[in-house]
Every structure is written in structure tokens, then in C-alpha cells.
Trainee: 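Quick one: this structure, given as C-alpha cells, is what I'll be asking you about.
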There are 2 protein chains.
Amino acid sequence: MTTINDVARAAGVSAATVSRVFNGGRVTAERAERVRRTAAELGFSPNRVARSLRKQRSSVIGLIIPDIENPFFTSLARGVEDAAQQTNLSVVLCNSDEDVEKERRYLEIALAEQMAGVIVAAASRNRTDLSPLAARGMPVVAVDRRPRGASVDAVMVDNQHGGEEATAHLLSEGYERVACITGPEGASTSEERLAGFRTVMSDHLRERGEDQARLREYIRYADFRVEGGRAAMEDLLRLPEPPDAVFVANNLMTVGALEALREAGTLPPETGVLSFGDVPWASLVHPSLTTVQLPSYDLGWTAAGLLQDRIGGVDRPLQTLVLRTSLQVRASTGGPSAD
Amino acid sequence: MTTINDVARAAGVSAATVSRVFNGGRVTAERAERVRRTAAELGFSPNRVARSLRKQRSSVIGLIIPDIENPFFTSLARGVEDAAQQTNLSVVLCNSDEDVEKERRYLEIALAEQMAGVIVAAASRNRTDLSPLAARGMPVVAVDRRPRGASVDAVMVDNQHGGEEATAHLLSEGYERVACITGPEGASTSEERLAGFRTVMSDHLRERGEDQARLREYIRYADFRVEGGRAAMEDLLRLPEPPDAVFVANNLMTVGALEALREAGTLPPETGVLSFGDVPWASLVHPSLTTVQLPSYDLGWTAAGLLQDRIGGVDRPLQTLVLRTSLQVRASTGGPSAD
DNA sequence: GGGTCTGTTGAAATCGATTTCTTTCAAGAC
DNA sequence: GTCTTGAAAGAAATCGATTTCAACAGACCC
């Protein structure tokens, strides 16, 4: 492993000069050229560990996500990475596995490794603690979920709007009895999506002069997982008057709901299904599955941008950016069959 | 940020003693206790950058994969991570995006960051160059694909066996004209899977006394992507005597093939489809889709084990482990319909 | 009592870069 | 000719840990 001193000796200059050549100090053209040539010959590349130690900052940013197997987060990761490429930062990805303890360990590593900054999709809104990072002045951006009380920049999704859009779309297609399967009670993402559903359905029922109480009957809380979605859908199907459409608050539960519907023999478009978040491949098979597209890639890209600003020393008040969802209509099947 | 010197001063000992307390040196019980208490009070955690510089090795292993959005690789990543947890190594994940240049950059970073070791699923069998790492004595394990000429440990999938198993299964279900859509010509994974197909089909045709030439007609090379799978399937369907079953050599192309089949109105089980590699969600919707399960998680787990052995200094000849695939039969639909 | 051994300890060297501090030298001003 | 100014370059300090080395104290044996 050739070091800066090897290069210095071979080029007949001091280590300081070599460093200046690579970091934009003042060096006469002739020497700079000689240093560069020697460095190339020896295959020198600066030791990042030593550099980080001296600079008290590495050129790596950490990205902590709760589920590496969820396409939403991998797409987000792509966004972060592409943005980081532009400024020579490298991204290291850490999978907290929805486990606050594992996440804590990774946050500690980020500190101990003196990473330039961290982007976190928190494992828990309540228990994720970003304060140690903030305390030591490490730039942090929260993405998708903002831990309670954390004073950091954030990039979020407009969940309520997405819920409204989804529900309105199902109604516009002619479905009448629209249900909602949302995530855990208390989780902000599931509550916000549900709120969107409530708003639109409530208006709809009022216009129709129908009983608002029906709204509640068609709401199920589940756990954002396949099995939970399935159970909730089965439960809805057992109602005396089952829904003819359902808004499912995430992609995994949608898979479960589709399973339940398949068993009941009432697949889309007979029963309308609208998923919050893309269901990457099932949608190829189920052309009538409309989804609320989450701006996952943009979330990552935007978060990385904010982080880089902070790393660069930009001094402005904390920001929260909210990105909108968009409805992806796969095929206009005209809604429920008319029989 | 409290350093080891702060702790030393506060505890009235030397930095060397503090270091020994945390690294298992000989220190009298009384002092050790005092140091530990002081460290806890000051919230000291050793600076990993400084430690890495001194030890010339960090406690991070790199995992370089070519496509973070492919569930095969994310599952592999889980395996690596779970295995690494056990020895306090942390894993950082880098996405080479099937780009040899990007991959080269990450390999360089691994060196410059003095990572403890690297696990690589190479972007290219020909052009990925692992020799710089090997030259500097950094432990490397290749996984899934072994770059040509690289002398490193490797963990591979038994592609040929998987291809045989898949083809045999389709025949056993009663399909007659089985086709194969494989990856790019020259790629080892696609050639091996195809070889498995050829072996079994060739035997089958011979037994039946049929013309071996038919084998070739039913083979298509594509690109391991959705669109390629679709195009290949469309092409096969245009044959005067289209296949009644197809073995598709990866998950993404299977999605494409299913699209083509849906348009042609001959979905499984009417036309048999067997995917090499899981198609996570489509399979929930297409119960009759049998898949060759790749041991992705185990690949990661095993590779991490090999790497840790090397990091620990185990000295044994280079090893290549080959893991078998397993057939996952989703539902015995009894093969093609009898009409 | 002198000599050897062993177990603790701290001072100092070390890892490899960056950055500060000096020194040197030359150009330009008066 | 002297003084000022500024650029260029090297020597040395620095980052924060680990590790080597030397010093020392106490136990033990002749």
C-alpha cells in the first residue's frame, strides 16, 4: 500500500506538497505535474481512514432503512445513491429490520465512523432517538417517517392527499361500498391515509344522505403485512353487506387482500382494489389494479439533496418537504360490472 | 466527543490502560472497574476511524451487489447481515447497478476504507477485476457469479441442476413442448441453466424417438429483463407449433413472459410456466406458478461465514461451495388441461 | 541479600493523511 | 539598495486510538 510519504519521497517533495496537489493547494505547475505522474505510477490512492481521522469527517453518508426487502425502500435508496454520486459521497446502506435496537447500533456506528451525515427512515416514530446525532452536530434527514420530537430536516409523503385521491378514484369508477384497510392504530402513516379516506367518504355519504355510521363498519386496522391484509379482507367479506371496493393502505397488505379476494372469487375489477404504494409485479398480472404511486425515488433524491446542503454548511431553518403521491390508473375497466 | 484521553485523565490512568480495559489487556480489577465507570459516565465510545487507522483494518465488511431492487439480492443481503451480526461486524451495502465502473469505484473504496473484507456479486464475469483486493491481502468472497480468473473463495448456485429439475418437473406434469427462455449468451448463469434444460429435454426427445432439432427451435436467448422475457415469449407464441410450457431462466423475464401469455389468453396452467428464481408476489396471484427456489439467503449467510473465517486468519485452500436449488410446487393443478 | 520472573503501568511511537507554522525566495515599491 | 508583500514549500503538529517498550514493584528462589 503506497502512502503519501512514498509518493513524496519518489517525487522529491514533501508530503504536504503531495497533499496540496490533490486538495487544491498552491503548487507550481511543474511540481504538481511531477507529483501527479509519480502518484499514478505508484498507484497511490489516499487512505480514507487517515483522511477521515484528520478531517474529522468521512465522505460517506449512511442510509438507514427499516426493510431492505420492501421495494419502496430500495427505490428510495436508489434515489439517495444517484443524488450522492454527484458530489462524490458514497452511500452505505444499513437495514434496521424495523428493530429499534438494531437501528440504535447503526446510528452509533454512524457517529463512531464520523460519517458526513445520515438519512433515516425511522423504525419507530416514538422510540427512534436521533438526538445523539443532532447533539454532536451530525447532519440528519428524516425520510418517510419523522420521529417524534426530532429537530431535523424531513422529507415526507402527503399521505392524507393520497388517501383522498385513492378513495375519490374508487368512487368515480362507480363503486359504492368502499372499505379501507389501514395500518396499525397510532402509526402516523396509517392514520393519515385513513384520514384521507374518511374525508372523502364522509362527504360522499353526506351528499347521498346516507348514514355516516356505515363509514366505521368498513374500516379495518391491520399491521402493514401480507397476513394482516388477508385477515382484514376476509373479515370485510363476512359482513352482511360486503364492500364492493377496498382501499388498502400499503402494498404488502394489498397482496393479502388479493389472496382473500381470489379465494372469494371476486377479483378486480368486480371488487375494486386500490393499493397505496406500488405492488411491483402483481400489477402486471392484475391489470385493473390501480395504485397510489409513492414518490419513493424522489424521496431519496430530495433527502440526499437536503443532507448535502447541510453537510456543505448551508445554514437555514429546519425544513420539512412534503411530496405528493400520484394516481396510477392501470386500465380503465369502467368499474364494477353492471349486473 | 469524549476521547480516550478524556477518560484516562478523568480516571487518573493512562490512555494505554483505558485501551487495555476495552480490548482485554491485563489491568487490575479495581482500576478496570474505575475506568469502566468513568467511561460510562462520560459516554465514551471509541472512535472507529482512529482505531481502524491504527489497526489497519476496520470492522466493516462490504457487500457489493448489482441490483438492489432485485429481491434475490436483497434476500442475499439479509443472509450476510444476519451472519455478520454474530461477530460484531457491520455490513455496508453498495449497489453497483450492473455497472462495472461503479463497481470498480466501490471496490476501491473498500480498499481505501480498509474494510475487513468484501463479498461481491460481480457485475460482470469478464470485466470485474478483483485482483487489486487480493493483491493487498483483503479477504474476498465471490457470490452467485465468480469473475473469470479470480482466485477467491466463492459460493455459487447449482444452476445446471436447477435447470434440470425445472425441466423435468414440467415434463412430469404432462407438458410436451417445453421451451426455454434463458439469459444472455455467454453469461455463465444463463448457459448453465440452459444446459440443464438441454440435458433433460434431449433425453426426453430421445426416449420419444423425436427429432433433436426441435430442441433448438424452442430456445430463446434474452436479457434477464422484463421486456426481454416478454419479447421472447411473444416470439415463441408465433411459432407454427407454439410451446405448451416454458422454463424461464430468471424472475424478471418470467414477469414479461406472463404478460405475453396474458395477452395471448393462455395463462398457466394452460401453458406451463416455471420460473428460475422466485417471483415474490405474482406467485400469490398465479397459484399455478412453480418456481425453482434459489437459496439466496443461504448464499449470503454462507459467504459471510467464509469471509469471517478468512478475516479471522483461517488458512486453507480456496473453496467453492455450491448450493442447490429447490423446487417449490405451488399447487398441483395437474398440468395442462385435457381438452 | 542478590537475582530472576511476572504482572502492571505509563510514556512514547505509530498508523497516514491534513493543516498550521515557518522559512525561503523573488518580485515590486520607494 | 532596502523594505514590503506574497507565493511556494517543507517541518512539524494534529486527529484518537493501539501497541511497543521500558520501568517498576512484588513474589519467589538460591
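The shown structure was predicted, so the numbers you read here are calculated from the model rather than taken from an experiment.
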Trainee: Give one of base, sugar-phosphate or nothing for A/Val49, where a contact means two heavy atoms less than 4.0 Å apart.
Mentor: nothing
Trainee: Can you tell me which nucleotide in C/dG10, D/dG16, D/dT19 comes closest to the side chain of B/Lys55?
Mentor: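 The nucleotide sitting nearest to the side chain is D/dT19.
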Trainee: Please determine whether a side-chain nitrogen or oxygen atom of A/Thr3 lies at a distance below 4.0 Å from atom OP1 or OP2 of C/dA17.
Mentor: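 Result: yes.
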Trainee: If you take all heavy atoms of A/Ile311 and A/Ala116, which pair is closest and at what distance?
Mentor: CG1-O, 3.3 Å
Trainee: May I ask you to say what A/Val27 touches in the nucleic acid, namely base, sugar-phosphate or nothing, with a heavy-atom cut-off under 4.0 Å?
Mentor: sugar-phosphate
Trainee: Within this structure, what is the CZ-to-C1' distance between A/Arg20 and C/dC21, rounded to whole angstrom?
Mentor: 11 Å
Trainee: Can you tell me the distance, in whole Å, between the CZ atom of A/Arg54 and the P atom of D/dA17?
Mentor: 16 Å
Trainee: For the residue pair A/Ile109 and B/Ser90, what are the closest heavy atoms and their distance?
Mentor: CD1-OG, 3.4 Å
Trainee: Rounding to a whole Å, what distance do you find between B/Asn47:CG and D/dT18:P?
Mentor: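 Interatomic distance, CG of B/Asn47 to P of D/dT18: 10 Å.
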Trainee: For the pair made of CD1 in A/Ile4 and P in D/dA11, what is the distance, rounded to whole Å?
Mentor: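 Between P of D/dA11 and CD1 of A/Ile4: 14 Å.
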Trainee: Side-chain N or O of A/Ser14 versus OP1/OP2 of D/dG10: is the shortest distance under 4.0 Å?
Mentor: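 For D/dG10, OP1 or OP2 has a side-chain N or O of A/Ser14 closer than 4.0 Å.
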Trainee: Do the side-chain N and O atoms of A/Arg145 and A/Ser188 include a donor-acceptor pair separated by under 3.5 angstrom?
Mentor: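 On atom types as modelled, these side chains do not qualify, holding no pair under 3.5 Å.
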Trainee: Can you tell me how far the OG1 atom of B/Thr3 sits from the CZ atom of B/Phe44, to the nearest 0.5 Å?
Mentor: 7.0 Å
Trainee: Determine whether any donor atom in the side chain of A/Arg48 lies under 3.5 Å from an acceptor atom in the base of C/dG16, or the reverse, and answer yes or no.
Mentor: no
Trainee: Measure across B/Glu103 and B/Ala121 and return the closest heavy-atom pair with its distance rounded to 0.1 Å.
Mentor: OE2-O, 4.0 Å
Trainee: Is there a side-chain polar atom (N or O) of B/Gln56 under 4.0 Å from OP1 or OP2 of C/dT14?
Mentor: no
Trainee: If you assign B/Thr17 and A/Val18 each to the DNA chain C nucleotide with the nearest heavy atom, which residue ends up on the more 5' nucleotide?
Mentor: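 Nearer the 5' end of the strand: B/Thr17.
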Trainee: CG of A/Asn5 versus P of C/dC15: gap in Å, rounded?
Mentor: 9 Å
Trainee: Give a yes/no on whether any side-chain N or O of B/Thr28 is located under 4.0 angstrom from OP1 or OP2 of C/dG7.
Mentor: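 B/Thr28 to C/dG7 OP1/OP2: no side-chain N or O under 4.0 Å.
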Trainee: When the distance from CD of B/Glu30 to C1' of C/dG7 is rounded to whole Å, what number comes out?
Mentor: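 One finds 16 Å between C1' of C/dG7 and CD of B/Glu30, rounded.
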Trainee: Rounding to a whole Å, what distance do you find between B/Arg57:CZ and D/dT19:P?
Mentor: 12 Å
Trainee: Would you say the side chain of A/Arg51 and the base of C/dT18 hold a donor-acceptor pair, judged only by whether the two atoms sit under 3.5 Å apart?
Mentor: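 By the distance-only test, no, there is no pair.
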Trainee: Check the distance between D/dT18's P and B/Asn23's CG and give it to me in whole angstrom.
Mentor: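 These atoms are roughly 4 Å apart.
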Trainee: Over all strands shown, is A/Phe44 touching base, sugar-phosphate only, or nothing at heavy-atom distances under 4.0 angstrom?
Mentor: sugar-phosphate
Trainee: State whether A/Arg26 places a side-chain N or O below 4.0 Å from either non-bridging phosphate oxygen (OP1 or OP2) of D/dA8.
Mentor: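 For A/Arg26, the contact criterion (side-chain N or O under 4.0 Å from OP1 or OP2 of D/dA8) is met.
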